[in-house]
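Worksheet: the structure to be examined is printed underneath.
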Amino acid sequence: MAEPPLRPRRRFRQPSVIPGFGLTFGYTLTCLGVIVLLPLAALVARASGLGLSGIWDVATDPRVASALRVSFGVSLLAALTASVFGFLVAWVLTRYRFPGQKIVDAVVDLPFALPTAVAGIALASLYAPNGLVGEQLAKIGIEAAYTPVGIYIAMVFIGLPFAVRTVQPLIVEIDKEIEEASATLGAGRWHTLVRVVLPPLIPAVLTGFALAFARGVGEYGSIIFIAGNLPYVSEIAPLLIVIKLSEFDYGGACAIATIMLGISFVTLLAINLIQAWSRRRFGYV
């Protein structure tokens, strides 16, 4: 009886024309371990001193729970908004030519370079009740500054560049002949957009959404000036961590940070799984 053919061994190291895999791989693991994993492990270890019951007590504290809801809830809504408008901005910058296009393209990156405190002060002065925009909103009964609406505005401001820059390169790579072929076959503009253009861009849109969401959850400087920082109303979790530290409650601060770490990890894992599914479903551009 013939023996079944041996399966080829899976090699850990992939063949490459570039040498130095072992050195670079070890360097990568070392950097990730020292810069990322070690601080996070120290954070979790410090919080574990409270025990599971202590961490649960911190998580169920009404003030902490309210701050977590504000941080994650508003971040989710802001990331969705940034993803939609980021796609539109990327599409306009890529598919159209107009005077001042280079300036508009450079302005998209401004939140990256602008200090967060400067952004917070600018947004607070603009959307305050006596500000240029806030005064007009107040006339129709909308309070922007010092409310969760102000937090939402700040998070959209800092998250928009991520949504634009992740989608923009893929839009550039889409061949316009595909759209022309779709139109030639009788498809309308809306059908071409939904069935031809959008599917290859979904992984990039999800990446931008994840980056904007993560940035919004951890943002501090640009939010505290416009949020009002009212407990149970507009207080964010990062601010509560700073308050705990100022009160020398290091265990409580680490517990809140650990809770945020866990929620962020689960949320981003779910987004990455959806992104992986969309890549298998729709493929790349």
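All values reported here derive from a predicted model rather than from experimental measurement. When reading the values below, keep in mind they use all heavy atoms of this one structure, side chains included, and skip hydrogens, waters and symmetry mates.
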- Could you please spell out the steps behind the side chain to side chain contact (heavy atoms under 4.5 Å, CB included) verdict for T81 and M155? CA-CA 10 Å; T81 305; M155 287 184 177; over 6 Å; no
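- The minimum heavy-atom distance between G33 and P39, with the atom names listed, is O-CD, 4.5 Å.
- Under the 4.5 Å side-chain contact rule for hydrophobic residues, L80 and F87 do not share a cluster.
- Using a 4.5 Å cut-off on side-chain heavy atoms (C-beta onward), I241 and M260 make contact.
- Side-chain atoms of T28 come within 3.5 Å of backbone N or O of T24 as a donor-acceptor pair.
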- Please step through side chain to side chain contact (heavy atoms under 4.5 Å, CB included) for the pair I226 and I151, ending with a clear verdict. CA-CA 7 Å; I226 194 174; I151 301 176; 5.5 Å; no
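- Contact record, A212 with A82: CB-CB, 4.5 Å, taken as the closest heavy-atom pair.
- Contact annotation: the side chain of E135 never approaches that of N130 to less than 4.5 Å [non-hydrogen atoms, C-beta and beyond].
- Hydrophobic cluster membership is shared by L132 and Y127, with clusters built from Ile, Leu, Val, Met, Phe, Trp and Tyr side chains linked at under 4.5 angstrom.
- Within 6.0 Å of OH in Y232 there are more than 12 heavy atoms belonging to other residues, nucleotides or ligands.
- Here the OG1 atom belonging to T116 is positioned 11.0 Å from the CG atom belonging to L123, to the nearest 0.5 angstrom.
- In this structure, the separation between OG1 on T60 and CD1 on I259 is 8.5 Å, given to the nearest 0.5 Å.
- At most 12 non-hydrogen atoms from other residues, nucleotides or ligands lie less than 6.0 angstrom from CD1 of I103.
- Closest of all the heavy-atom pairs between A154 and I223 is CB-CG1, 4.0 Å.
- The minimum heavy-atom distance linking S234 with G228 is given by the pair OG-C, 3.8 Å.
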- Message: As a quick check of understanding, evaluate side chain to side chain contact (heavy atoms under 4.5 Å, CB included) for E247 and I243, giving each step before the final call.
- Response: CA-CA 6 Å; E247 297 173 350; I243 293 175; 3.7 Å; yes
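- No more than 12 heavy atoms of other residues, nucleotides or ligands sit less than 6.0 Å from atom CZ of F248.
- In this structure, F72 and F213 have tilted ring planes: the angle between them lies in the 30° to 60° band.
- More than 12 heavy atoms of other residues, nucleotides or ligands shown are found within 6.0 angstrom of OH on Y220.
- Distance check: L240 CG to L245 CG gives 10.0 Å after rounding to the nearest 0.5 Å.
- Between F162 and F209, the ring centre distance reaches or exceeds 6.0 Å.
- Scored by the ring-ring contact (aromatic ring centres under 6.0 Å, His included) test, F225 finds no partners at all (sequence neighbours excluded).
- Of all non-hydrogen atoms in Q101 and L93, the two that sit nearest each other are NE2-O, 2.6 Å.
- Checked by atom type, the side-chain pair T147/Y152 shows no donor-acceptor distance below 3.5 Å.
- Between the CG atom in L114 and the OG atom in S222 there is a gap of 9.0 Å [rounded to 0.5 Å].
- Separating the OG1 atom in T30 from the CG atom in L37 is a distance of 11.0 Å, to the nearest 0.5 Å.
- Residue V84 is not grouped with residue F157 when hydrophobic side chains (ILVMFWY) are merged at heavy-atom distances under 4.5 angstrom, including chains of intermediate members.
- Of all heavy-atom pairs between S75 and V217, the closest is OG-N, 3.2 Å.
- Distance check: I271 CD1 to S264 OG gives 9.5 Å after rounding to the nearest 0.5 Å.
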- Task: Determine, stepwise, if the pair L68 / V64 fulfils side chain to side chain contact (heavy atoms under 4.5 Å, CB included).
- Result: CA-CA 6 Å; L68 291 173; V64 175; 4.0 Å; yes
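- Other residues, nucleotides and ligands contribute more than 12 heavy atoms inside 6.0 Å of the CZ atom of F98.
- Hydrophobic clustering (ILVMFWY, side-chain heavy atoms < 4.5 Å, transitive): Y96 and L201 are in one cluster.
- N229 places a side-chain N or O within donor-acceptor distance of the main-chain N or O of I224, the cut-off being under 3.5 Å.
- Using modelled atom types, one side-chain atom of D249 and one backbone atom of G252 make a donor-acceptor pair closer than 3.5 Å.
- S71 places a side-chain heavy atom less than 4.5 Å from the side chain of P238.
- Contact of the P111 side chain with the L160 side chain is not registered, since no non-hydrogen atoms from C-beta on lie closer than 4.5 Å.
- Within a 6.0 Å sphere centred on CG of L52, heavy atoms belonging to other residues, nucleotides or ligands number 12 at most.
- D105 places a side-chain heavy atom less than 4.5 Å from the side chain of Q168.
- The closest side-chain heavy-atom distance from V149 to I153 is below 4.5 Å.
- Cluster annotation: V70 is connected to L77 through the hydrophobic network of ILVMFWY side chains, with a link wherever side-chain heavy atoms come within less than 4.5 Å.
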